[in-house]
Every structure is written in C-alpha cells, then in structure tokens.
There are 2 protein chains.
Amino acid sequence: MSAAGPRPVSIFDVAKRAGVSHQTVSRVINDAPMVAAATRARVKAAIADLGYRPNRSARTLAGGAVRSVTVLTTDTSLYGTAETLRGIEDAARDAGFSVLISVMDPARVYSEADVLERLPHDGAPAIVIAHDEVTAGAMQALRERQPGALVATGGEHLGAEHDSADWRVLLDDRTVAARATRYLLSMGHKQVHHLAIPGKASRQTGWSDALADAGITRPEVVHSDWSIGAAAEAAAVLVADPSVTAILCGNDDLAFGVLHAAHRAGRSVPGDLSVVGFDDSPLAAYHVPPLTTVDLDFRGVGRGAFDLLRHKLEGGPDPRPSWRSPELVVRETSGPPRQ
Amino acid sequence: MSAAGPRPVSIFDVAKRAGVSHQTVSRVINDAPMVAAATRARVKAAIADLGYRPNRSARTLAGGAVRSVTVLTTDTSLYGTAETLRGIEDAARDAGFSVLISVMDPARVYSEADVLERLPHDGAPAIVIAHDEVTAGAMQALRERQPGALVATGGEHLGAEHDSADWRVLLDDRTVAARATRYLLSMGHKQVHHLAIPGKASRQTGWSDALADAGITRPEVVHSDWSIGAAAEAAAVLVADPSVTAILCGNDDLAFGVLHAAHRAGRSVPGDLSVVGFDDSPLAAYHVPPLTTVDLDFRGVGRGAFDLLRHKLEGGPDPRPSWRSPELVVRETSGPPRQ
DNA sequence: GTCGCGACCGTGAGCGCTAACATTTCCTCG
DNA sequence: CGAGGAAATGTTAGCGCTCACGGTCGCGAC
C-alpha cells in the first residue's frame, strides 16, 4: 500500500547515461550557455530516455533562483478571490513558478508564527489576498518579517495607502464607488443606502464621498458578512422601508441577496428599488433582471501582483499595471425612482 | 531590490543555542519520542527565541514523510472545482500537508511530460479534479506513471468504474440525475430535456436511464460549455419551443442561463417551464425564483480525496467515505406543467 | 612555438534536513 | 555493586541539486 517504487532518476543518472558530468546536465536543464550543441542534444536525449524530472525541493534547497509563491487567502470559493488566484496562477505558470495555496480560517486568530508556518521556508515569497481581518493580519506580519518577498492585494482598511504601490496591488474601488453613487443620484434618487461587506472600507468611503459632495446626510451603513443569506437578512429592513429607493452593495452576492429580499417584500426592481453590485461576477449579466454592477479586473490584479513580486525578487524594470480600471456597468436593476 | 537578507536560522543554530545536537532539534520539531521533557522545553525555547522555521524543501529532500499534494485542475473559479479544492485544502492543512495548485488550460493539449512537469518531483502525490478532457488526460497519465500517489475526482466519461474506488472519489450523480428526471416526470411532464455540460456523462446517463424506464424516447441532448452565456444561447432554441416543459441542466450556471433565456422568451417559470440545476451553488437558493437543484457535497469529496490519498501514502485503515450523497432540493423553478 | 584567452566541462562543497546507527547516561535488578 | 538494558543524545551519511571554482582544450596572436 506504499508508494515507494524504485528511486526516481536523478541528475547523476542522466549524466552517466549521456557521458557527461552532473553539472553539465544541470546547465542543460537550466538553459545555461557554455554547453556545446552536440552535448546539449546528447543530454536532452538522455533526459528523455530516462524520463528524468528535476526535483524542485533539491533546487530550492541548493539555493538556485526562487521558483515558487505561496498565496495566503481565506475563501477560494468567492468570486473575487478565485479570480485573483487564477490570475496569479496564470502569471506564475508563465514564469515557471509553482503556486502553493494556504487557506486561512476567517474565524480564527493567528499568531505571527502561525502565519510563518504556512510558508515552505523562512523568507519564501508570498502573496496575500487580503479581503478580511485575518488575511490583513497575515499581510502585516509578513510585511514586517520579509518585506522583500511579499505582495498583497486588498487590505484597504489598514489605510497607509501612501507607501503602498511597491508592495500592494490595489483596484481603485473608492473612486468607482463614488461614481456609482453619483450615477444613482443622477437618476433622481434622493438618497443612496449602502450594504457593506467587512473589510472593503474603500467602497464605503467612495460612497460616502459622493454623498458628501452632493450635500446629503449619510444614512447608517448596513453591515453583512460575505454570504448571500446574511445579506438577504440584513437587507430585509432596508427593503421594507418604502423611502429607500437605491442601495449600493459591497459585492454582487450581497446584491443578489438584496434582490431576493426585495422580491419577497414585493418591491419591484428597478421600479421601486435600484440595486447596484460590485464585482461583475459571471452571473450578474444573466440574472433576472441583469444586475447593474462594477466590473473589477481581479484576474488582472492577480497577474499584477505576481509581476510585482517577481520584480521585487529579481529586479528589472518596474512592471507597469496591466489591469483594467474598475468601471460601472449599467444593466437593468437600476433606474430612476418611480414618480 | 533583492530579498537576500541574512541567512535564515537553521536547525544547527537552534541546536547550538539549546546546547544539543541538531538531531535532537529534529526530534523535537517532529514530535518524536525519546526526548527528555527538560531538553524538549529547552529546544522549544531556543526555537521561539530565534524564530526558527523548518524548511520544507530540506525536509522532503531528506526523505522524511511526504507533506505535500499537488492539485491539478482547469478552472478554480467554477463552483464545484473551488469547493473541491477547498475541501482538499482543509483536510491537507489538518494533516500538515501543503497544497500546490496547478491550473491547466482546457484548450491546450498536454503531453505526459507536460503533466509530470507540474509535480514538484517525480512521484509526488497528486489529486486531479477531472471535470474535462484535459484533466482526465492528466489523470490517466499519472495513473500510469505513479498509481500509488494519485487520487482523482470526476473523470466519469472514461468509464472503467469497476476498479476505481481505491483511487477515485466519485459522487453518484447518475442516480440522482435519474431521480431528478423521475421527479419531473412525476409532476406530469411528458418529456424532460437535457442541457449537458462537457465531461459529465454520468448525469446524462442518469437522465437517460430514467427516461428509458418510463418508456419515453430520449430527445436530443443539447450541449453547452461551462459558461452561462453559452448556456443561454444553447437554450434559446429549447426555450422557444412551447412543447418543451422541463429541462434538466448539467449544473446551476447552465440553469441560470436557461432561466435567463426563458425570461427573454417570455416563458414563465415554473408555469410554462420547469428548470432543474445541479450543484446547489450558493446562489441557487436566492435566485428569483429559487432554483430547484441537486445538492452535491464537493467539499466533502475534496476531503475524501485527500483522505484517500493519505491512506495510499501512509497505509492505515481504509478511510470510509465522509461526504453527503447527492440529494434533490426542490425549490421554485419546478412544478407541474400548466393545464 | 608559446602564450593567452575564450569556450567548454568537471570537481568539490554545501543547502537544511532526516534515517540509521553509534554512543553515552542512568536506572533497575539480581 | 556490577551487568544489563532502556532512555536519551550524538555522529555520520546522504537526499538532488546549484554555486564557485578549477581544469582542459583549441586556436589565433605574437
């Protein structure tokens, strides 16, 4: 029942077979120069014959270039997180890096040691997708311990945005939240309410900005967690109030919860109530009715985060941001208030 | 711009500090017996003082117990995949394993070498989430190369279910697909159509089984890919046909696409058309109207896959399946046909 | 011819850890 | 009170690879 089997073929086996030294084999598998074409071919043939595969552990241990990233996050099932992870993975694969993933429990408390334990070794490169307190904590712990090998996305609620560009990749959701709010106001709504997700303070700030600009007294923020059910519940009160005509939601899932609640309360959308989400998840366009929301390029952010990390590790020219800016996508859950 | 810094503290540094040999430190960090309590405490103190973290690469290289799994999959954003991954990660973390993730491109062709390259070393344990051709191919390649260190979920379209229980974790979606179909028939529908996702042949088979049992001639299957948009498009024809009163969909996303198409075609649900999904994704319960679907315990399957893998690596008693069986969840997109 | 200097290739050491064995310590018991 | 043995610790040899060198060879310049 064991997976033992014969010892896997090593660089020495290949060397022997090709009649060269192990070092020459190493040069070949690393595409190093200073190897004669004929030799290279011979080694490659031996590699193929023997089915040799380099051992990553040995490679990292021997102190070659770094070839792996660890991604720290809480929930890989959430759209934003999943897409970001996907973006990181894409970029990492292109660069020949392998990706480790470490999921944290949002309900637990982690010591610095707990966080460090998740890295394959001390100082190993990491990307933190910081959409909540727990990951934001991990971000800070790693920031202190190994600033040279850390990049993060999110973590807006920590402020300190001044010095962030060289280790954080952020979407400007504050500005777009303000834009979305202004859009609702421009449709004739006298007030815009906000259903907030934990951690995304910047969206709330943007909303707040726009209301302040318009001279409107900010209503109390309604808080939810990340689940649709919680959102539906939290929204029940808002939705029952006929004076509430527009709700900006922290993300699409919350918006779906609100729409559900609105439906149950017998309020029509967008006639009685306008709802705007955040994320533009795949379902938004196909919901009935299609959801007005904000397109966020999570995948681009993931790629960007990896590019930045690699830049920090290996130097080279500054990687320029390559993700789309957030954009409001108006569909059918928003419109002028009735009357 | 480099992440160099001082050399991380090693087991020898700790040993020196605690006044013991490095091997004793190794015993302590591995919770091995044969260490005096006092010594153990002294070593632990030294570890804490120095902030020592074991190096996983060195550990695996030195041939200790295996402590990592690589997950091969195509799309980490899909609900089923994301949940399965999550289940694997949960179980792996509990067991002290680290999780590597390797995303494959469903549109590419992979040689066996391409697949092997994704493992950190030859013979490294892997779990394949095989929901399409590409991952099913990877599954087969690894199956041949290292049967002792491979577990898979999915891959139903390969048949050969006979010998699978010891390396494959499968949900019985065939049976439940039949049950769902019978349910629709029992509501009075004369015919049930099927919108299929690629690769999930077993769902189609179950549907087919039920129709055959009922003596109904099986209508042509409509095929879609995994995207909601494609489903909406593919469903347009079905939905336009008033004789179509019930559609069983390959997953929830497809069902949402069908609902969207039905709405655009002006057909009411469930009055004119019953729609049943597969997966019970979080949104299903909150869709308007709430979606009738099949609850699939992907997370449990992920855990089960990991448990099985660990069993294969380390022996011990057979892990018994710990996931819920698929179950039909009737909500509001299904009912008797009108008239 | 011989020096020099590339291009090419090999040797040795060591990354941080564990397995296997060797050694010491200390307690038990006849 | 010494033999025996278990408990506790130390020593050595690698795991597979890369780095930093050190050699060797061939060839043009003087």
Hey, can you pull the donor-acceptor pairs under 3.5 Å for the side chains in residues 61-74 of chain A, sequence neighbours left out?
residue, atom, partner, partner atom, Å
A:R67, NH2, A:N30, OD1, 3.3
A:T74, OG1, A:D132, OD2, 2.8

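Note on residues 109-122 of chain A: pairs passing side-chain hydrogen bond (donor to acceptor under 3.5 Å, both in side chains), not counting sequence neighbours, are A:S102-A:R118, A:S111-A:D114, A:D122-A:R145. Residue pairs that meet the salt bridge (charged side-chain N to carboxylate O under 4.0 Å, His left out) test with at least one member in residues 69-81 of chain A, sequence neighbours left out, are A:D75-B:R86.
Checking B:S57 against A:T60 by side-chain atom types alone, a donor-acceptor pair falls below 3.5 Å.
Of the possible polar contacts, none joining the A:K44 side chain to the A:T39 backbone as a donor-acceptor pair under 3.5 Å is found. Checking side-chain atoms of B:E83 against main-chain N and O of B:F298 turns up no donor-acceptor pair under 3.5 Å.
Between B:Y52 and B:D13 the shortest side-chain heavy-atom distance does not fall below 4.5 Å.
Rounded to an integer number of Å, the gap from A:D13 CG to D:dG16 P is 8 Å.
When the salt bridge (Lys or Arg N to Asp or Glu O under 4.0 Å) test is applied to B:R53, no partner is found at least two apart in sequence or on another chain. Residues forming a salt bridge (Lys or Arg N to Asp or Glu O under 4.0 Å) with A:R42 (at least two apart in sequence, or on another chain): none. Listed by chain and residue number, nothing satisfies the salt bridge (Lys or Arg N to Asp or Glu O under 4.0 Å) test with A:R27 (two or more places apart in sequence, or in another chain). A:D105 meets the salt bridge (Lys or Arg N to Asp or Glu O under 4.0 Å) test with no other residue; sequence neighbours excluded.
Checking the phosphate oxygens (OP1, OP2) of D:dA8, no side-chain nitrogen or oxygen of B:R40 falls inside 4.0 Å.
Contacts between residues 111-120 of chain B and DNA chain D, defined by a heavy-atom separation below 4.0 Å, involve no residue at all. A heavy-atom distance below 4.0 Å to DNA chain C is reached by these residues of residues 21-37 of chain A, ordered by number: A:S21, A:H22, A:Q23, A:T24, A:R27, A:M34, A:V35, A:A36. Within residues 45-63 of chain B, the residues that have a heavy atom under 4.0 Å from DNA chain D are, in order of number, B:L61, B:A62.
End-to-end axis angle of the helix from C:dG1-D:dC30 to C:dG30-D:dC1, using five pairs per end and rounding to 10°, comes to 50°.
Salt-bridge check for B:D307 with B:R320: failed, with every basic side-chain N at 4.0 Å or more from each acidic carboxylate O.
The aromatic rings of A:W226 and A:H131 sit tilted, their planes meeting at an angle between 30° and 60°.
With a heavy-atom cut-off of 4.0 Å to chain B, the contacted part of DNA chain C has its first and last nucleotide at C:dG16 to C:dA20.
Cation-pi contact between A:R143 and A:W167: present, with separation from the ring centre below 6.0 Å and deviation from the ring axis of at most 45°.
The distance from atom CZ of A:R303 to atom OG1 of A:T84, rounded to the nearest 0.5 Å, is 13.0 Å.
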